[in-house]
Protein chains: 2
Amino acid sequence: MSGAAPAIKPEVMKQLFHPEIEDVLPADVFAALGDPIRLGILVSLADCDEVDKARCGAFTELASPSLLSYHFAKLREAGITRSRAEGTVRFLSIRREEFDRRFPGLLDSVIETARRDPSVPRVKLDV
Amino acid sequence: MSGAAPAIKPEVMKQLFHPEIEDVLPADVFAALGDPIRLGILVSLADCDEVDKARCGAFTELASPSLLSYHFAKLREAGITRSRAEGTVRFLSIRREEFDRRFPGLLDSVIETARRDPSVPRVKLDV
DNA sequence: CGACAATTTCAATGATTGTTGAATCATGAG
DNA sequence: CTCATGATTCAACAATCATTGAAATTGTCG
């Protein structure tokens, strides 16, 4: 709606692509949530969220590094999470404000649903 | 939890399988919601719901009969909808109370999310 | 520099998905 | 009984998915 064109830098773009929150579609969000490992990542983030302090490497109980990377990308491309690189480490966080503005109330009930269910795996993220 | 065993009639079971709501997993629900046609069926049902009065044949604007049948099955197997056969016609409805008991608040925000988004197709179900 | 650690990428795999069109199966009408 | 109708099933297909393990990438530290 605002005139600001994306103006994406292609070199940086190759990795760590984050969609504009306006471009995210409901069906894509739900598809991204349709996997137990990804739900596990989400609730673990939600239950830790000392915002932006969750290292990607803290999720190794859930899957192998390469598979985790795959799932991180799915969540990121669905507009649910943000990945920030800092040195050799990556931090993962929920795009809370943006996402809540785009889909009010949705994330809360999704997280609550996942949190309540024992079929969703969890990771204790150190504070 | 309650002692009442399912006691399912196998002849009727072959088609129209509905899972026990307790057996439905969050990831399966979200996977079922991860498709625009299925979201369209859901919001159309939610916006009509003169409960149990929605014929399957009323959704033909969304897809071909055979594809609709496929999507109906997905929603049904995810515990979201109920399909009732009456003569040569089938009626479709949302498993509201059960689902809300199993996942409180979830369906409301899912439907609201889908309703608000123009990417989700809709069908006007005659009252 | 060179070894190391944290992640991502790549190639390969089998499984599942969404879609199509033809065939099938009931049921109710004539 | 036969025929049309509403809906599901089946076979086929390309596309995408989740998963694996090996290789490449990037930054840190000695």
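Model, not experiment: these values are computed from the prediction. Naming convention: chains lettered A, B, ... in sequence-line order (proteins, then strands); numbering from 1 in each chain. Scope of the values below: all heavy atoms of this structure, side chains included, with no hydrogens, waters or symmetry mates.
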Rounded interatomic separation in angstrom, taking [atom1] from [X] and [atom2] from [N]:
X     : N      : atom1 : atom2 : result
A/L75 : C/dT7  : CG    : P     : 16 Å
A/D28 : D/dC17 : CG    : C1'   : 14 Å
B/L68 : D/dG6  : CG    : P     : 14 Å
A/F91 : C/dA6  : CZ    : P     : 12 Å
A/F30 : D/dC17 : CZ    : P     : 17 Å
A/E86 : C/dA5  : CD    : C1'   : 16 Å
A/L92 : C/dT8  : CG    : P     : 9 Å
B/L16 : D/dA7  : CG    : C1'   : 10 Å

May I ask you to decide whether [X] forms a salt bridge with [Y], counting only side-chain N to carboxylate O separations under 4.0 Å?
X      : Y     : answer
B/D108 : B/R96 : yes
A/R101 : A/E98 : no
A/R102 : A/D23 : no
A/K74  : A/D28 : no

Given [N], is OP1 or OP2 found less than 4.0 Å from the side-chain N or O atoms of [X]?
X     : N     : result
B/R55 : D/dG6 : no
A/R90 : C/dA6 : no
A/S69 : C/dT8 : yes

Once side-chain contact (heavy atoms from CB on, under 4.5 Å) is applied, do any residues pair with B/E61, and if so which ones, sequence neighbours excluded?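 Result, side-chain contact (heavy atoms from CB on, under 4.5 Å) vs B/E61: B/V123.
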Should A/V29 and A/V110 be marked as a side chain to side chain contact (heavy atoms under 4.5 Å, CB included) after you check the CA-CA gap, both sets of side-chain angles, and the distance that decides it? CA-CA 11 Å; A/V29 171; A/V110 165; over 6 Å; no
Could you write nucleotides 13-22 of chain C as a row of B, S and -, 5' to 3', where a protein heavy atom under 4.0 Å of any base atom gives B, of only sugar-phosphate atoms gives S, and otherwise -? ----SBBBBB
Where the side chain of A/T88 is concerned, which of D/dT26, C/dT8, C/dT27 is the nearest nucleotide?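 Looking only at heavy atoms from C-beta outward on A/T88, the closest nucleotide is D/dT26.
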Does one hydrophobic cluster hold both A/V24 and A/I111, with members joined at side-chain heavy-atom distances below 4.5 Å?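 They do share one cluster, since a chain of ILVMFWY contacts under 4.5 Å joins A/V24 to A/I111.
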